[in-house]
Amino acid sequence: MATALGSRTQPRKSFAKRISSHLAAALVVFCLLQIGIVAKMGGSLVLHLGIIIAIGGYAVAARGLERRWHMLEQGGLSDSGMALRFRRDVVQLWGASLVGALLWVPVAIIYRFLFG
């Protein structure tokens, strides 16, 4: 039965590595959504420069979250406590990535209204 379902003798991937994978995927989605939204709204050079600044800010925040998880793993918390924090951080990460990219819609509308 254990071979059919796969054995759990392999060490589980650390939470820090798992959060890094989520950060990388969320950054790609964040970038693609931003570029797609700005391109659809008829983005100008100024909006594209704003995308570069937003991606830079995202990268700084992502590095801070990665550092936090490396420290949490060394802190000796229980697996259940780590799992709870991990799920919370993943939900917040993906929510921020999706909502943050959608914030370009009102910015692009206002920019288009003001500058044609």
Side-chain angles (χ1 to χ4, degrees):
M1 185 66 133
T3 57
L5 298 176
S7 70
R8 293 290 295 173
T9 59
Q10 298 173 350
R12 205 169 75 176
K13 201 172 180 183
S14 74
F15 285 107
K17 288 183 181 182
R18 290 171 59 196
I19 202 76
S20 292
S21 298
H22 278 282
L23 282 167
L27 178 61
V28 169
V29 169
F30 180 72
C31 293
L32 291 176
L33 280 174
Q34 282 192 23
I35 292 167
I37 289 170
V38 169
K40 276 280 195 211
M41 301 297 281
S44 69
L45 180 62
V46 173
L47 292 177
H48 283 90
L49 290 174
I51 289 174
I52 293 170
I53 293 168
I55 291 170
Y58 185 97
V60 169
R63 182 64 188 130
L65 185 61
E66 249 182 346
R67 219 177 289 127
R68 175 179 178 257
W69 273 97
H70 284 290
M71 290 188 331
L72 280 174
E73 278 194 338
Q74 295 171 355
L77 289 173
S78 67
D79 279 344
S80 62
M82 293 286 281
L84 180 66
R85 283 184 168 91
F86 179 78
R87 283 191 300 270
R88 184 193 64 206
D89 281 356
V90 167
V91 168
Q92 289 176 350
L93 168 69
W94 282 101
S97 293
L98 297 173
V99 171
L102 294 176
L103 289 176
W104 281 107
V105 173
V107 169
I109 290 171
I110 292 169
Y111 183 83
R112 181 184 252 172
F113 176 75
L114 292 175
F115 301 107

Subject >> Separation of M82 CE from S14 OG (nearest 0.5 Å) >> reply: 8.5 Å

**OP:** From the options F30, F15, F86, W69, select the one residue that forms a ring pair (Phe, Tyr, Trp, His ring centres under 6.0 Å) with H22.
**Re:** F86

**OP:** Sort and list the pairs that fulfil salt bridge (Lys or Arg N to Asp or Glu O under 4.0 Å) and have at least one residue in residues 84-100, not counting sequence neighbours.
**Re:** R68-D89

**OP:** Carefully, step by step, assess L33 and L102 under the rule side-chain contact (heavy atoms from CB on, under 4.5 Å).
**Re:** CA-CA 8 Å; L33 280 174; L102 294 176; 5.5 Å; no

Original post:
If you look at every heavy atom in A16 and E73, which pair is closest and at what distance?
Top reply: N-OE2, 3.1 Å

Original post:
Excluding sequence neighbours, so at least two apart, what forms side-chain contact (heavy atoms from CB on, under 4.5 Å) with V28?
Top reply: L32

Original post:
Of all residues at least two apart in sequence or in a different chain, which pass the ring-ring contact (aromatic ring centres under 6.0 Å, His included) check with F115?
Top reply: Y111

**OP:** Can you tell me which residue pairs pass the salt bridge (Lys or Arg N to Asp or Glu O under 4.0 Å) test with a partner in residues 44-60, sequence neighbours excluded?
**Re:** none

**OP:** Establish whether L98 and L103 are linked, either directly or via other cluster members, by ILVMFWY side-chain heavy-atom contacts under 4.5 Å.
**Re:** no

Original post:
Side-chain heavy atoms under 4.5 angstrom apart, residues restricted to Ile, Leu, Val, Met, Phe, Trp, Tyr: same cluster for V105 and V29?
Top reply: yes

Original post:
Quick one: CD1 on I19 to CG on L65, what's the gap to the nearest 0.5 Å?
Top reply: 5.0 Å

**OP:** Write down the atom of A26, the atom of L93, and the distance for their closest heavy-atom approach.
**Re:** CB-CG, 4.0 Å

Subject >> V107 with I109, same ILVMFWY side-chain cluster at under 4.5 Å >> reply: yes

**OP:** Please name all residues satisfying side-chain contact (heavy atoms from CB on, under 4.5 Å) with I110, sequence neighbours left out, ordered by chain then number.
**Re:** L114

Original post:
Are V46 and F113 co-members of a hydrophobic cluster defined by side-chain heavy atoms under 4.5 Å apart?
Top reply: yes

Acceptor/donor pairs from residues 55-63 side chains to any protein atom, 3.5 angstrom cut, sequence neighbours excluded:
residue : atom : partner : partner atom : Å
Y58     : OH   : S97     : OG           : 2.9
R63     : NH1  : E66     : OE1          : 3.3

